[in-house]
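I have placed the structure first, in the form of structure tokens, so that the comments after it can refer back to it.
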Amino acid sequence: MLSRFCFASLLAFSLSAQTAAKKPPTVAEAKRFIDSANDRLLELILDFSLADWSRATNITDDTERMAAKANDRLMSANAQMAKEAARFDTLKLPPDLARQLRVLKLSLVVAPPGNKAESSELARILAEMEGIYGKGKYCPNENKDNCKDLGDLSRIVARGDNPKEIEEAWRGWHEISKPIKPLFARYVQLSNKGARELGFKDTGAMWRSKYDMSPDAYAKEVDRLWEQVKPLYMSLHAYVRNKLRGKYGDLVPAEGPIPAHLLGNMWAQEWGALYPMLAPKDADPGYDLTRILKDRNVDAKQMVKYGEGFFSSLGFAPLPATFWTRSQFLKPRDREVVCHASAWHVDYNEDIRIKMCIDINDEDFTTVHHELGHNYYQRAYRNQPFLYRDSANDGFHEAIGDTIALSVTPEYLTKVGLLDKAPDSSKDIGILLKRALDKIAFLPFGLLVDKWRWQVFNAHITPDKYNESWWKLRREYQGIAPPGIRDEVQFDAGAKYHVPGNTPYSRYFLAAILQFQMHRGLSQVAGCKDPLHRCSIYANKEAGAKLESMLAMGLSRPWPDALEVVTGQRQMDATAMMDYFAPLKKWLDEQNRGKAVGWK
């Protein structure tokens with residue numbers, strides 16, 4: 001019923017727009033257009049969200065088809081409205097109306113071509129790529145009774161000691177993306193065609209236009225931020241390489257890139273799993289949160305309760321009852337699901353959910369806070385017009401939960417009863433090193449995924465060079481190399497969810513920077529006088545009020561306005577990250593004295 005109503009309404013909407021197009025547009029007409037667009041898109045996205053939730057939590061051919069059809073309807077309507085919005089470009093409009101029209105034109109992650117067959121093909125390809133990824137398994141020796149999914153293989157990479165077994169697990173997962181390559185190449189063609197129909201050079205340029213600056217200015221902005229933090233990454237890389245060389249010998253070169261499979265993470269994007277091997281004896285953090293959680297018999301729901309409790313301590317309302325009945329916390333045994341953690345705003349009102357396959361460990365403890373950050377943001381802006389029900393920029397959405405997680409300090413763990421006593425400041429290097437192995441190690445990966453895709457979309461990288469260029473960027477930015485030769489039969493970029501999942505990635509790089517900037521700003525509001533890495537805003541209502549005020553703005557204002565609410569600054573700034581890790585940087589440089597820094 002809903003789908004048919006939406007199509008009938010959309011047809012009437014389209015015909016009225018075509019009739020109006022024969023006359024000079026007016027401000028009143030632009031207002032009616034944007035009001036109607038808000039209503040229609042809300043109807044369509046509810047239809048898609050329900051279908052997509054069904055697909056993500058029960059991957060079958062049927063649910064994939066249903067989601068693809070709903071996505072096709074949504075993308076087509078969104079693209080059509082975005083194109084129709086262009087007829088008001090010459091009008092002098094009230095600022096809010098002009099902003100909503102601009103947001104509408106930039107609201108697409110992928111722009112379907114105007115050709116109906118190509119639009120449907122694109123929707124099918126998107127669903128198929130994500131389905132291949134979600135159902136991906138590696139079966140050693142083609143033994144179907146011993147197949148391993150991403151979770152199984154990731155545990156081997158994170159915890160294994162035998163480099164051959166680790167390499168096999170790494171190679172096994174990277175096999176699943178081979179059939180995605182031709183689909184991805186076709187997706188690039190179709191999405192670029194749609195983007196050009198909207199007036200953008202390509203899909204990458206469309207993505208970079210969403211930051212209240214030009215696409216070229218945005219590319220320069222992320223490069224500027226990277227240069228601010230690069231010295232810290234280089235020091236961390238050198239320290240980790242030297243330690244790994246001590247364990248694996250010549251398998252790890254003294255001055256070259258680190259083998260990607262030895263960094264404790266399937267994509268070498270976070271290195272926290274290596275902490276037990278990397279931590280010096282005198283820099284132990286003083287506690288093991290994973291062991292504490294397991295010793296306390298904390299289950300998945302209780303993990304989420306800790307996250308909710310943090311937001312409640314800041315003055316936020318409790319999560320709705322439907323959150324607890326509709327979310328997925330554990331991996332079901334009876335069906336295939338997408339385990340990649342995500343937060344859902346199903347009805348763009350009160351129906352918020354998370355989808356996770358929670359493991360009881362410190363990493364998922366942090367991930368829960370991150371995903372709930374999305375949910376609290378979603379609920380805060382629910383009263384905005386539909387087009388504004390989003391974050392100030394997509395980096396803000398990713399940063400909010402992580403900003404809260406930075407307040408998960410030993411002092412906080414003591415207040416919630418997970419620690420009896422917080423370790424003294426002599427243990428800070430261990431705590432900072434553990435956090436840097438995730439936060440700092442991630443930065444170049446967070447940048448290069450989209451640097452690669454931007455060059456794919458603008459045809460500087462062609463399908464016959466996908467893998468070569470992928471590893472060239474990973475060597476240049478991360479200082480890592482694959483285990484052995486990788487040819488163009490492989491599609492290693494596709495082994496990362498966000499590539500087949502059509503999810504822009506530079507948002508995560510921005511989030512990594514913004515979370516420290518926001519943490520510094522909110523800590524100042526909370527009156528914290530300790531070193532930044534010791535500050536927690538837990539239970540500070542004044543900081544919570546500032547945060548909620550920013551969240552409620554949604555996308556209604558340019559992101560510098562939102563940033564200023566919690567930081568007092570209007571420019572993204574990585575100096576807060578450098579301040580946070582300053583004691584660690586000094587310590588790393590001492591450890592690296594007389595050893596190579598950088599790679600050939």
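In what follows, residues are counted from 1 in the order of the sequence shown.
In the displayed structure, K541 atom NZ is contacted under 6.0 Å by more than 12 heavy atoms of other residues, nucleotides or ligands. Counting heavy atoms of neighbouring residues, nucleotides and ligands inside a 6.0 Å radius, atom CD of E542 does not exceed 12 of them. Within a 6.0 Å radius of NZ in K201, no more than 12 heavy atoms belonging to other residues, nucleotides or ligands are found.
When each of L106, L101, L104, L42 is paired with L387, the side chain to side chain contact (heavy atoms under 4.5 Å, CB included) condition holds for L104 and for no other. Looking at D364, L330, V337 one by one, the single match for side chain to side chain contact (heavy atoms under 4.5 Å, CB included) with C357 turns out to be V337.
Side-chain polar atoms of E371 and N375 form no donor-acceptor pair below 3.5 angstrom. S214 and D216 share no donor-acceptor pair across their side chains, judged by distance under 3.5 Å alone.
Under the salt bridge (Lys or Arg N to Asp or Glu O under 4.0 Å) criterion, R534 pairs with E411, D428, sequence neighbours left out.
Checked by atom type and distance alone, the side chain of T63 pairs as donor or acceptor with a backbone atom of N58 at under 3.5 Å.
Contact check for W454 versus S506: side-chain heavy atoms found under the 4.5 Å cut-off.
Here the CH2 atom belonging to W207 is positioned 8.5 Å from the CZ atom belonging to R507, to the nearest 0.5 angstrom. Separation of atoms CH2 (W559) and CG (D561) is listed at 10.0 Å; rounding is to 0.5 Å.
F311 and Y376 have parallel rings, their planes meeting at less than 30° on a 0 to 90° scale where 60° marks the start of perpendicular. A tilted orientation is assigned to the rings of Y377 and H397, their planes being inclined by 30° to 60°.
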For residues 493-503, which side-chain N or O atoms pair as donor and acceptor with protein atoms under 3.5 Å away, sequence neighbours left out?
from : atom 1 : to   : atom 2 : distance (Å)
K496 : NZ     : Q269 : OE1    : 2.8
Y497 : OH     : E130 : OE2    : 2.8
H498 : NE2    : Y508 : OH     : 3.0
N502 : OD1    : Y187 : OH     : 2.6
T503 : OG1    : G501 : O      : 3.2

